Chemist: 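Okay, handing you the structure first.
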There are 2 protein chains.
Amino acid sequence: MFSKACEYGIRAAVYVALQSLEGRRVSVNEIAEEIDSPVAFTAKILQQLTRSKVIHSVKGPTGGFEIERTDMDTVKLSMIVHAIDGDNIYVGCGLGLKECNAKKPCPLHDKFVAIRTDLKKMLESTSLYELATGLEVGLTYLKR
Amino acid sequence: MFSKACEYGIRAAVYVALQSLEGRRVSVNEIAEEIDSPVAFTAKILQQLTRSKVIHSVKGPTGGFEIERTDMDTVKLSMIVHAIDGDNIYVGCGLGLKECNAKKPCPLHDKFVAIRTDLKKMLESTSLYELATGLEVGLTYLKR
DNA sequence: TATAATTCGGACAAAATTATCCTTTATTTT
DNA sequence: AAAATAAAGGATAATTTTGTCCGAATTATA
Ligand code: FES
Ligand code: FES
């Protein structure tokens with residue numbers, strides 16, 4: 001569904017949000033540790049998320065990654081997915097034709113679009129805050 | 001969503017079904033031509049589909065691939081996806097945790113499972129025949 | 001029986017994705 | 001000012017996926 005990079009990106013962003021709720025700024029090392037991901041690769045992904053304004057970074061000692069409380073509400077999953085995986089999930093055809101195109105649809109088009117629309121709605125309506133709060137109360141996990 | 005191999009596999013299977021409806025057996029070359037896919041790679045995928053009984057192959061002159069009319073109804077999209085991509089789509093966690101597990105869910109679990117269940121239902125209820133008939137009447141396309 | 005057409009299967013190659021390493025830059029603390 | 005800390009960025013490596021090539025096996029036809 002999502003690329004590995006995107007999976008790490010979402011987990012990382014949720015972890016940053018969770019810690020920011022506690023007022024803590026977190027390092028790449030801590031993030032990678034807590035979401036069980038390769039450190040250097042995670043660093044690259046955090047750079048992407050920083051460039052696309054999903055999270056905020058601070059260099060130097062006491063530096064790290066953080067996200068403001070208000071941004072946790074405005075940042076939706078769709079932004080993270082778009083920042084890392086691009087818009088394939090939105091414009092791609094389920095059977096791999098150049099683009100999904102209702103004028104010259106593939107045999108799966110109608111059924112595929114129905115599912116994709118739901119997915120899109122879900123991604124666009126799910127905020128980072130929402131995901132972080134489940135973690136906070138210990139209902140959900142970022143690693144196992 | 002699906003791997004390239006799986007996309008080719010579905011397109012190929014649908015084309016074989018369409019031609020079998022006309023009583024024609026088709027070669028790898030024709031299939032690859034008609035679904036606009038790399039020939040040799042498509043041949044590998046057709047082998048997988050043959051081994052998993054999705055389609056039937058005949059060697060030698062006048063040989064090729066075909067599928068019986070009754071099998072077009074029993075063969076569902078889910079079988080093709082499973083034959084090529086395995087069960088990742090069913091057991092995988094949306095955020096990349098080892099396995100999707102409701103006992104220790106990731107933050108996206110509930111929302112992800114909802115979408116995945118719909119996808120699963122769609123794949124399990126869509127037959128090859130259904131996909132082939134849209135093509136037959138010129139409503140849908142396997143290449144563009 | 002020889003030939004040609006076709007799938008099958010293994011080895012190999014290219015491209016994309018995932019992952020690591022190391023140097024540079026910014027910033028805080030001493 | 002120097003040292004230490006942390007992200008940024010570039011080069012490179014490993015792995016997976018995608019794709020190619022070619023000989024072997026099978027079978028219809030001449
Ligand atoms: S054309 Fe294939 S999904 Fe729309
Ligand atoms: S645990 Fe992540 S989707 Fe179920």
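A note on names: the letters A, B, ... follow the listed sequences, proteins ahead of strands, and every chain is numbered from 1. Please read all numbers here as calculations on a predicted model, not as lab measurements.
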Chemist: Taking only side-chain nitrogens and oxygens of A:Ser27, does any of them come within less than 4.0 Å of OP1 or OP2 of D:dT5?
Modeler: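 For D:dT5, OP1/OP2 do not have a side-chain N/O of A:Ser27 under 4.0 Å.
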Chemist: Which whole-number value in Å describes the distance from A:Asn29 CG to D:dT5 P?
Modeler: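 Whole-Å distance recorded here is 12 Å.
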Chemist: Tell me the salt bridge (Lys or Arg N to Asp or Glu O under 4.0 Å) pairs involving residues 46-60 of chain A, sequence neighbours left out?
Modeler: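 Output for this query is empty, none listed.
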Chemist: Test of understanding: with side-chain hydrogen bond (donor to acceptor under 3.5 Å, both in side chains), list the residues that count as partners of A:Lys111, not counting sequence neighbours.
Modeler: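 Partners of A:Lys111 under the side-chain hydrogen bond (donor to acceptor under 3.5 Å, both in side chains) test: B:Thr126, B:Glu130.
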Chemist: Roughly, in whole Å, what's the span from CD in B:Glu66 to C1' in C:dT6?
Modeler: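 Taking atom C1' of C:dT6 as the reference, CD of B:Glu66 is at 13 Å.
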Chemist: B:Phe65 has an atom CZ; how far is it from atom P of C:dA5, in whole Å?
Modeler: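 One finds 17 Å between P of C:dA5 and CZ of B:Phe65, rounded.
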Chemist: Once side-chain hydrogen bond (donor to acceptor under 3.5 Å, both in side chains) is applied, do any residues pair with A:Lys4, and if so which ones, sequence neighbours excluded?
Modeler: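 Partners of A:Lys4 under the side-chain hydrogen bond (donor to acceptor under 3.5 Å, both in side chains) test: A:Glu7.
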Chemist: How long is the line joining CD of B:Glu30 and C1' of C:dT6, in whole Å?
Modeler: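 Atom CD in B:Glu30 sits about 13 Å away from atom C1' in C:dT6.
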Chemist: Not counting sequence neighbours, which residues clear side-chain hydrogen bond (donor to acceptor under 3.5 Å, both in side chains) with A:Thr42? List them please.
Modeler: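 side-chain hydrogen bond (donor to acceptor under 3.5 Å, both in side chains) list for A:Thr42, sorted by chain: A:Ser37.
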Chemist: Both conditions, 6.0 Å and 45 degrees, for the charged tip of B:Arg69 above the ring of B:Tyr129: are they met here?
Modeler: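 Yes, B:Arg69 lies over the aromatic ring of B:Tyr129.
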Chemist: With sequence neighbours excluded, give me every side chain to side chain donor-acceptor pair (under 3.5 Å) pair touching residues 90-103 of chain A.
Modeler: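 Passing the test, one end in residues 90-103 of chain A: no pairs.
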Chemist: Heavy atoms within less than 4.0 Å of DNA chain D: which residues of residues 46-56 of chain A have one? Give them sorted by number.
Modeler: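 Only A:Gln47, A:Thr50, A:Arg51 qualify.
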Chemist: Would you mind reading off the distance between A:Met1 atom CE and C:dT17 atom P, rounded to a whole angstrom?
Modeler: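 That distance rounds to 18 Å.
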Chemist: Can you sort out the partners of A:Arg144 under salt bridge (charged side-chain N to carboxylate O under 4.0 Å, His left out), two or more places apart, ordered by chain and number?
Modeler: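 Expected list: none.
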Chemist: Treat primed atoms plus P, OP1 and OP2 as sugar-phosphate and everything else as base, then score nucleotides 17-30 of chain D 5' to 3': B for base contact with protein heavy atoms under 4.0 Å, S for sugar-phosphate contact only, - for none.
Modeler: -SBB-----BBB--
Chemist: What integer distance in Å separates B:Arg24:CZ from C:dT6:P?
Modeler: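 For the pair B:Arg24 CZ and C:dT6 P, the rounded distance is 11 Å.
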Chemist: Who passes side-chain contact (heavy atoms from CB on, under 4.5 Å) against B:Asp118, sequence neighbours left out?
Modeler: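 Testing B:Asp118 for side-chain contact (heavy atoms from CB on, under 4.5 Å), a comparison that skips the adjacent residues, returns A:Ile115, A:Asp118.
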